[in-house]
Amino acid sequence: MSDISAEAAASPKAGASPEAGGIAAEAAAAFAEAYGGQPAGLWAAPGRVNLIGEHTDYNDGFVLPFALPQRTVAAAGPSPDGTFSICSTLAPEPVTFGLETAPGEVTGWGAYVAGVVWALRDAGFEPPAARLAIASDVPLGSGLSSSAALESAVLTALVELGGLDVPLERRPAIAQRAENLYVGAPTGILDQSASIRCEAGKALFLDCRSYAVEQIPFDLAAAGLAILVINSNAPHQHVDGEYGARRKSCEESAAILGVPALRDVGVPELPAALDRLGDEVLRKRTRHIVTENQRVLDTVELLRAGRVREIGPLLTASHASMRDDFEITVAQVDVGVESALAAGAHGARMTGGGFGGCVLALIDADRAEATAAAVAGAYAERGFAAPTSWVATAGPGAGRLR
Ligand code: ADP
Ligand code: MG
């Protein structure tokens, strides 16, 4: 669904202001330019990095994302004529649609916005007709979830603009339905939950079956550590088809094993489950999900105990599982992980759905430049396009800016 190319999007602004001042000003200016006048308010929702727990969300399992300082801002105000108008700094020509919009009507980037209006109404809420202008410094199509940031910013804006009583815990599923049923991308609940429910300085431990959350302390600086995010800048290929195929394999495995979802298989039951599956592809996919859920639980235990450095091997094991069992990595992310580890990282893994995207590395706080340089050197040696690296801190979830 990447109708707007990654090149068209702002590249990640290293050290982006946590106040999102520049992006907020851009959104307000885009609003004035498209519609005249000032917006009634500005609402922001962040991109995210998933610390660990990949492809576990649609298996009713566990995930552990944190919100990025990079975010999408929606400048919004009431519409004078009862229709919706939307524009983005990446697509300045306004798109319009009515309150009764239905899947298939708005396509391209506007589907993420119209989808939120549709999903709100489908859930029994009446969003106010609005004019919206979008600006963002979340890199598009890099696995940092610019799509959920867009949906979550729009959802939060419409809920607050209309004074709708939509409990926080229900919001991610509404935004997810916009992406699943209006946009047509079969994604899990991870991205929208992270964008809406994360808190600054915390990682979000989410049970994707019950939607129960726990805010896990994630104070890297106090431990002398940092997370380096390395955008591989690798071209995404076959993402939608491969994602769907992984989902189908997981569902097939759960059906054969007679459980509602692979979440219901624990590590102790894994050997017997693998025997029953027979098919080698299903065995590998199942082994990833079952062991990945356990790695999330183990990571949470260590973070709760303040043993941050010790999560490194779990991150690296997660990468090996995604590479060998789930088969969703590409050469650029494998090289990113290997070269970060060779440069002294405590652990590293691809983050996001796969087939390109970003790597995260747990490093000593004073090793960011050296690690980024080592990865860039390894990419240059192999003739890969240069990666983009920056240190990520855990920012706040969706909310009103002003
Ligand atoms: P990711 O979520 O990993 O960044 P996706 O392919 O899921 O990648 O979502 C990217 C799509 O989301 C873009 O192609 C575009 O349609 C939409 N999008 C995200 N941010 C913006 C924005 N600021 N303006 C317009 N469209 C956006
Ligand atoms: Mg997305």
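In this chain, numbering begins with 1 at the start of the sequence shown. Just so it is clear, the structure is predicted and the values come from calculations on it, not from any experiment. Every number for a ligand or one of its atoms is a count from 1 in the order of the listing.
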Item checked: Sidechain N-carboxylate O distance under 4.0 Å for Arg48, Asp191 ->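 A salt bridge links Arg48 with Asp191.
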Item checked: SB check Asp264 Arg209 (cutoff 4.0 Å) ->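 So Asp264 pairs with Arg209 through a salt bridge.
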Checklist line | Between Glu292 and Ser321, a side-chain donor and acceptor under 3.5 Å | finding: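 Glu292 vs Ser321: no donor-acceptor pair found between side chains.
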Next item on the list: Answer yes if the side chains of Ser318 and Arg349 hold a donor-acceptor pair under 3.5 Å, and no otherwise.
Entry: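 Yes, because at least one side-chain N or O of Ser318 sits under 3.5 Å from a partner of the opposite role on Arg349.
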Check: Picking from Ser146, Ser136, Ser88, what satisfies side chain to side chain donor-acceptor pair (under 3.5 Å) with Thr72?
Finding: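 Answer after filtering Ser146, Ser136, Ser88: Ser136.
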Checklist line | Aromatic contact, Tyr243 with Tyr58 (centres under 6.0 Å) | finding: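 Yes; Tyr58 has its ring centre under 6.0 Å from that of Tyr243.
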Within ligand 1, which atoms have a heavy atom of [X] less than 4.0 Å away?
{"X": "Ser88", "answer": "22 (C), 23 (N), 24 (N), 25 (C)"}
{"X": "Ser136", "answer": "23 (N)"}
{"X": "Gly143", "answer": "3 (O)"}
{"X": "Ile134", "answer": "23 (N)"}

Check: Is there a heavy atom of Ala91 sitting under 4.0 angstrom from any atom of ligand 1?
Finding: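 Per 4.0 Å heavy-atom rule, Ala91 does not contact ligand 1.
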Notebook entry, point to check: At a 4.0 Å cut-off, with the gap strictly under it, does some heavy atom of Thr72 reach an atom of ligand 1?
Noted result: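 No, that is not the case, since the closest heavy atom of the residue is not under 4.0 Å from the ligand.
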Next item on the list: Nearest 0.5 Å please: distance from the CE atom of Met350 over to the NE2 atom of His319.
Entry: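 With rounding to 0.5 Å, CE (Met350) is 7.0 Å from NE2 (His319).
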Next item on the list: Starting at CG of Leu144, measure out to CG of Asn231 and round the result to the nearest 0.5 Å.
Entry: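 Answer for the CG-CG pair, Leu144 versus Asn231, is 6.5 Å.
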Next item on the list: Sort by chain and number the protein N/O/S atoms found under 2.8 Å from the Mg ion (ligand 2).
Entry: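 Protein N/O/S atoms under 2.8 Å of the Mg ion (ligand 2): Ser147 OG.
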Next item on the list: Please examine the side chains of Phe84 and Thr96, heavy atoms only from C-beta on, and report whether any two atoms are closer than 4.5 Å.
Entry: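 No, too far: nothing below the 4.5 Å cut-off.
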Next item on the list: Answer yes or no: are there more than 12 heavy-atom neighbours, outside Asp81 itself, under 6.0 Å from its atom CG?
Entry: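 Atom CG in Asp81 is crowded, with more than 12 foreign heavy atoms closer than 6.0 Å.
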Check: Should one rank Ser147, Gly110, Cys87 by closest heavy-atom distance to atom 2 (O) of ligand 1, which comes out on top?
Finding: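 It is Ser147 that holds the nearest heavy atom.
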Item checked: Gly108 N/O to ligand 1 N/O under 3.5 Å ->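 Among all N and O atoms of Gly108, none is under 3.5 Å from an N or O of ligand 1.
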